[in-house]
Amino acid sequence: MSQLQLTLPDGSVKQFDKGTTGLDVAKSISPRLAKAALAVKVDGRVVDLTAPINSDAPVEILTFDQPEGRQVFWHSSAHIMAQAVQELFPGARLAIGPAIDEGWYYDFDVPEPFSPEDLEKIEQKMAEIIREDAVFCRSERPRTEALAASRAQEDVYKAEILEELEDDTVSFYKHSRFEDLCRGPHLPRTGLVKAFKLTASSGAYWRGDENRPMLQRIYGVSYPKKGMLDEYLERLAEAKKRDHRLLGKQLELFTITEEVGGGLVLWLPNGARVRNEIENYWRQEHLRAGYEIVFSPHIANLDLWNRSGHTDFYKEDMFSPFEAEGRAFQLRPMNCPFHISMYKSRRWSYRDLPLRWAELGTVYRFERGGVLHGLMRVRGFTQDDAHHFVTQEGMEDELVWLLDFCVHILKAFGFSNYDVYLSTRPEKAIGDPADWERAQDGLRAALERAGLTYQVDEGGGAFYGPKIDIKIKDALNRSWQCSTIQFDFSLPERFDLSYIAADGQQRRPFMIHRALLGSIERFFGVLIEHYAGNFPLWLAPTQVRVLPITDDLNEYAAAVVERLKEHDIRAVLDSRSEKIGAKIRDAEMLKVPYMFVVGKREAEADSVSVRRHSVGDIGVKKTEEAVRALLDEIATKGLDKSETNE
RNA sequence: GCCGGCGUAGCUCAGAUGGUAGAGCAGCUGAUUUGUAAUCAGCAGGUCAUCGGUUCGAUCCCGGUCGCCGGCUCCA
C-alpha cells in the first residue's frame with residue numbers, strides 16, 4: 001500500500017497509508033484528540049473524519065475549539081433537529097439549516113407556527129435521536145436524479161436548491177431515519193452532542209425575500225459539554241441585564257414614547273449629561289486635530305437631494321418630501337450635500353487642502369416600524385459626521401492620518417479591540433467601475449500603511465464609494481459597527497467641485513465621508529451595554545453623591561457639594577432623613593461612581609469618607625485630597641496614563 | 001412591512017369558569033436622627049393600550065387598530 005505524507009499544524013510530517021482518515025490521524029496523535037475530534041481540515045478543506053485522504057497535504061484535526069469545528073457541530077445539530085421536526089410534524093418541508101455564529105437554525109414550511117410547547121417536544125425528540133448515537137453517512141448521487149426525486153416528493157425548496165447547484169454530483173447525509181441534501185461535513189455520530197437548547201422560533205422568508213413564502217425558523221445552540229451550554233445561557237442572561245433599554249429606564253438616561261413616535265429618542269437629563277461629555281470631548285479633539293466645526297439645517301430644497309443622487313439611490317430610506325410655498329423640501333438623511341454647498345461658497349487652492357469639516361449633524365431616516373430597536377436602530381439620530389476635501393495626491397496620507405485619529409477617539413471611550421472591514425462596490429452604485437477600483441486600492445494601501453489587519457466585504461460599499469468600517473468589540477466581545485470611512489468620487493463630480501492646483505489648473509478634489517462614533521444615539525447604547533451602566537467617572541451622569549449621616553450634617557455636606565461643583569464635578573446631595581444604609585443603597589443602585597459619606601468625625605476634620613461604587617468603603621480622605629483624586633481620574637478617563645496619549 | 005408573542009398604577013408584576021382589580025418599589029405626609037446596600041406609619045395613585053362585537057353584564061371571550069418584544073430584512 002502506498003504511503004502519504006501529512007503535515008500537522010506544528011509543522012511535523014507523519015507517514016500514513018493512503019486512504020487513511022482524519023480519525024486515524026487523530027488517534028495517532030492522542031486518544032484525547034481522537035475523542036474531541038469533530039472533523040478534519042485537509043489542504044484547507046473541511047471534510048468528514050471518516051473521509052479517506054489520498055494525497056500528501058497539510059492536515060488539521062478540528063475540535064470544538066476551532067470555529068470550523070463548531071460550525072460542523074452546529075450544522076449536524078441542525079440535522080438532528082430537522083429529523084425531530086419531520087417525525088413530529090409529518091409533511092413539514094425542509095428549506096435550509098445552516099450553522100450561524102452561535103448555534104444554528106433550520107427553516108421549515110409547516111402550516112402552523114411552532115409554539116413553545118412544540119419546541120419542548122422537539123427537544124425531547126432530539127434527545128432521543130442523540131441517545132441513539134446514530135452515525136452520519138455521506139452518499140453521492142447525480143444531481144439530475146436528486147432533482148427528479150425532490151420534484152416527485154414536491155420537496156420544492158430542496159428542488160430549487162438543486163436547480164441552482166452547478167455540480168453534476170451532489171451529496172446527501174443520512175443519520176438514523178433522516179436524510180438531507182447537504183454539502184457537509186458532519187460529525188461522526190449524533191451522540192457527540194451532549195447539551196443543546198432550542199432558543200427561539202420565528203417567521204423567516206424563504207431566501208430572505210418578502211415576496212416569497214414565509215417559513216418557520218427554529219434557532220438552537222449545542223455543545224459537547226453541559227457546562228458550556230450553562231456558560232452560554234449565563235452569557236445571555238448577562239447580556240439581558242446589560243440591555244441598554246432596561247438600563248436606560250433604570251438610570252433614567254433616555255425614553256422613547258408612543259406620543260412622540262417610535263425611533264425618536266428623548267434624552268433625559270442623566271443621559272444628556274453623558275452626551276454632553278461625549279460631545280465636549282469630541283469637539284475638543286476635533287479642534288485640536290485640525291477640523292473646523294460647522295452647522296447646517298435639518299431640511300433643504302428637494303432639488304439639492306436630486307442633484308446629490310439621494311432621491312435616486314437613497315429614496316427608500318428617506319422620509320417623503322413636503323411642500324411649502326410651492327417648493328418641495330426634504331428632511332435630511334445625510335449631511336454631505338450641505339458641506340458640499342459650503343465648499344462651493346468660495347474658491348480653494350491646493351494650499352488650503354486637506355479641508356476637514358465636522359458636524360454633529362442630526363439626520364432622519366425612514367426605518368420600517370418592525371426594525372426599530374431602542375437606541376440601536378432609530379429614525380432620528382446625530383452623526384458625528386465629517387467631510388474631508390483632499391487633493392488626489394493627498395488622499396492616501398489623509399486616510400492614514402484619519403485611521404489613526406479614529407483609533408485614538410475610540411480608545412478614549414474604552415474600546416481598543418476592533419475588526420476592520422474594507423467594503424467594495426455594491427450592485428446598485430454610481431460612478432465608473434475604474435474609479436471604484438482605484439479608490440479601493442487607495443483604501444487598501446492606507447489600511448496597510450496604518451498597520452491594520454482587515455477583512456474584505458465584497459459589495460458592502462455605499463452607493464457612492466467604497467468604505468472602511470471599524471467594528472468595535474464590547475465587554476461581552478460583541479461587535480458593533482460605529483466608525484465608517486467612506487470614499488466618494490461621485491459627489492464632487494455631481495456638484496462640480498474644484499480647487500486650483502499648483503500649475504494654476506482647476507482640479508477635482510476627492511472627498512471622504514467619515515463618522516467615528518457613528519450615531520451618538522447608537523454609540524450611547526453601545527456604551528451603556530459595554531459598561532453595564534457603570535460609566536467611567538468622566539462620563540457618569542452623577543459623579544459623586546454626598547451622603548450626610550444625620551440631618552445636622554446637611555450643612556457641611558452641602559458645602560462639600562459646592563466645593564466639588566467649583567471644580568465642575570457633578571455632585572449631588574442626599575439630604576433625606578434616611579439611614580446611611582438606605583442612602584448608600586440608593587446611590588449604589590444608581591451606579592454613582594463615588595459616595596462621600598460625611599458624619600461628625602469628617603466634618604470636624606474637613607474630610608470625607610470615600611466609598612467607591614461596587615467596591616465599598618475605601619477610607620477617609622481630606623476633602624481637598626479627595627477632590628484632587630477625582631480630578632485626576634477624570635482627566636485620565638480612568639485609562640492608564642500610557643493609553644491616554646494626552 | 002411580514003410571522004409569532006405580549007400590553008393591568010411611574011416601575012416590576014399578581015389576579016378572577018365573564019359580576020368593572022391587588023402587592024412590592026417609587027411618590028406625597030408625618031414620625032424617626034441613624035456610621036457603609038432597604039426605619040416605621042398613613043395617604044394617594046388604574047376608562048385593566050384603544051375601537052368595535054358577543055353577553056343581562058367584558059379588563060377577562062372574539063375581531064380591528066396602535067404600541068412593545070423576538071425574528072425576517074436593512075444598516076449607523
Side-chain angles (χ1 to χ4, degrees), chain A residues 105 107 110 112-116 118 199-219 240 243 245-246 249-250 252 255-259 261-262 314 316-317 333-334 363 365-385 423 460 462 467 469-471 480-484 486 513-523 525-526 547-554 576-590 595-602 609-620:
Chain A
Y105 67 78
D107 287 342
V110 284
E112 293 288 323
F114 296 107
S115 66
D118 291 339
T199 49
S201 68
S202 77
Y205 298 105
W206 170 233
R207 304 243 144 133
D209 181 342
E210 61 191 69
N211 300 311
R212 314 228 27 200
M214 164 112 11
L215 308 172
Q216 295 304 320
R217 173 172 299 179
I218 304 178
Y219 288 88
K240 210 170 171 184
D243 190 315
R245 292 166 300 182
L246 195 76
K249 202 176 268 180
Q250 278 170 9
E252 296 183 8
T255 185
I256 296 171
T257 67
E258 195 176 334
E259 199 170 28
Y314 208 67
E316 54 193 50
D317 291 293
M334 290 191 194
V363 298
R365 296 185 184 173
F366 175 71
E367 298 281 2
R368 305 217 236 178
V371 305
L372 299 174
H373 181 88
L375 295 174
M376 302 301 190
R377 195 71 188 271
V378 294
R379 284 180 171 162
F381 58 98
T382 301
Q383 290 180 307
D384 69 316
D385 205 0
S423 301
K467 62 177 182 174
D469 289 329
I470 298 180
K471 298 192 182 182
W480 302 96
Q481 195 203 316
C482 295
S483 313
T484 183
Q486 310 184 343
H513 307 245
R514 53 114 273 203
L516 305 184
L517 311 180
S519 120
I520 305 287
E521 283 74 4
R522 158 189 274 236
F523 188 74
V526 173
L547 314 178
I549 303 262
T550 59
D551 289 353
D552 52 344
L553 271 315
N554 281 353
R576 296 171 304 165
S577 302
E578 286 288 351
K579 286 167 54 171
I580 193 65
K583 293 184 186 182
I584 286 170
R585 181 167 194 275
D586 290 344
E588 287 282 352
M589 302 246 285
L590 291 171
M595 287 146 274
F596 285 181
V597 176
V598 295
K600 216 159 100 197
R601 296 200 291 271
E602 286 76 14
S609 171
V610 182
R611 183 187 167 99
R612 172 87 226 204
H613 167 60
S614 77
V615 173
D617 191 350
I618 56 174
V620 177

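No hydrogens, no waters, no symmetry mates; every other heavy atom, side chains included, goes into these values. Convention: sequence-line order gives letters A, B, ...; per-chain numbering from 1.
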From CA spacing to verdict: side-chain contact (heavy atoms from CB on, under 4.5 Å), Ser519(A), Thr382(A): CA-CA 5 Å; Ser519(A) 120; Thr382(A) 301; over 6 Å; no
Between C60(B) and U20(B) - P atom distance, rounded Å: 14 Å
Note: Asp209(A)-Arg207(A) ion pair, threshold 4.0 Å (strictly below): no
d(CD1, Ile218(A); C1', C3(B)) in whole Å: 14 Å
Interatomic distance, Glu252(A) CD vs G10(B) C1' [rounded to whole Å]: 9 Å
Atom pair distance, as rounded to whole Å: CD in Glu258(A) and C1' in U50(B): 9 Å
Asp469(A) bridged to Lys467(A) by N-O distance under 4.0 Å: yes
Touch class at under 4.0 angstrom, heavy-atom based, for Lys471(A) against every strand present: nothing
Touch class at under 4.0 angstrom, heavy-atom based, for Lys583(A) against every strand present: nothing
Distance in angstrom units between Asp385(A) CG and A76(B) P, rounded: 12 Å
Face-to-face stacking of Tyr219(A) with G71(B), centres under 5.5 angstrom, angle under 30°: no
Touch class at under 4.0 angstrom, heavy-atom based, for Gln250(A) against every strand present: nothing
Pairwise 5' ranking along RNA chain B for Gly616(A) and Asp209(A), keeping only the more 5' one: Gly616(A)
Touch class at under 4.0 angstrom, heavy-atom based, for Arg245(A) against every strand present: sugar-phosphate
Separation of atom CZ in Arg368(A) from atom C1' in C68(B), rounded to whole Å: 19 Å
Rounded interatomic separation in angstrom, taking CZ from Phe366(A) and P from A76(B): 17 Å
Whole-angstrom distance between C48(B) and A14(B), as gauged at atom C1': 13 Å
Donor-acceptor pair (no angle test) under 3.5 Å: Ser577(A) side chain, U33(B) base: yes
Distance between P atoms of A58(B) and A23(B) (Å, rounded): 26 Å
Cation-pi geometry met for Arg212(A) and Tyr205(A) (6.0 Å, 45°): no
Sugar-phosphate, base or nothing in reach of Gly581(A), heavy atoms under 4.0 Å: sugar-phosphate
P atoms of G27(B) and G10(B), separation to the nearest Å: 15 Å
Touch class at under 4.0 angstrom, heavy-atom based, for Ala582(A) against every strand present: sugar-phosphate
Which residue lies more 5' along RNA chain B, comparing Asp586(A) with Arg611(A) via nearest heavy atoms: Asp586(A)
Separation of the C1' atoms in G24(B) and C66(B), to the nearest angstrom: 30 Å
Euclidean distance, atom CD of residue Glu316(A) to atom P of C74(B) [Å, nearest integer]: 10 Å
Touch class at under 4.0 angstrom, heavy-atom based, for Arg217(A) against every strand present: sugar-phosphate
Ion pair Asp586(A)/Arg576(A), N-O distance below 4.0 Å: yes
Whether over 12 other heavy atoms sit under 6.0 Å from Glu252(A) CD: no
For atom CZ of Arg377(A) and atom C1' of C75(B), their distance in whole Å: 5 Å
N/O donor-acceptor pair, side chain Gln486(A) with base A76(B), under 3.5 angstrom: no
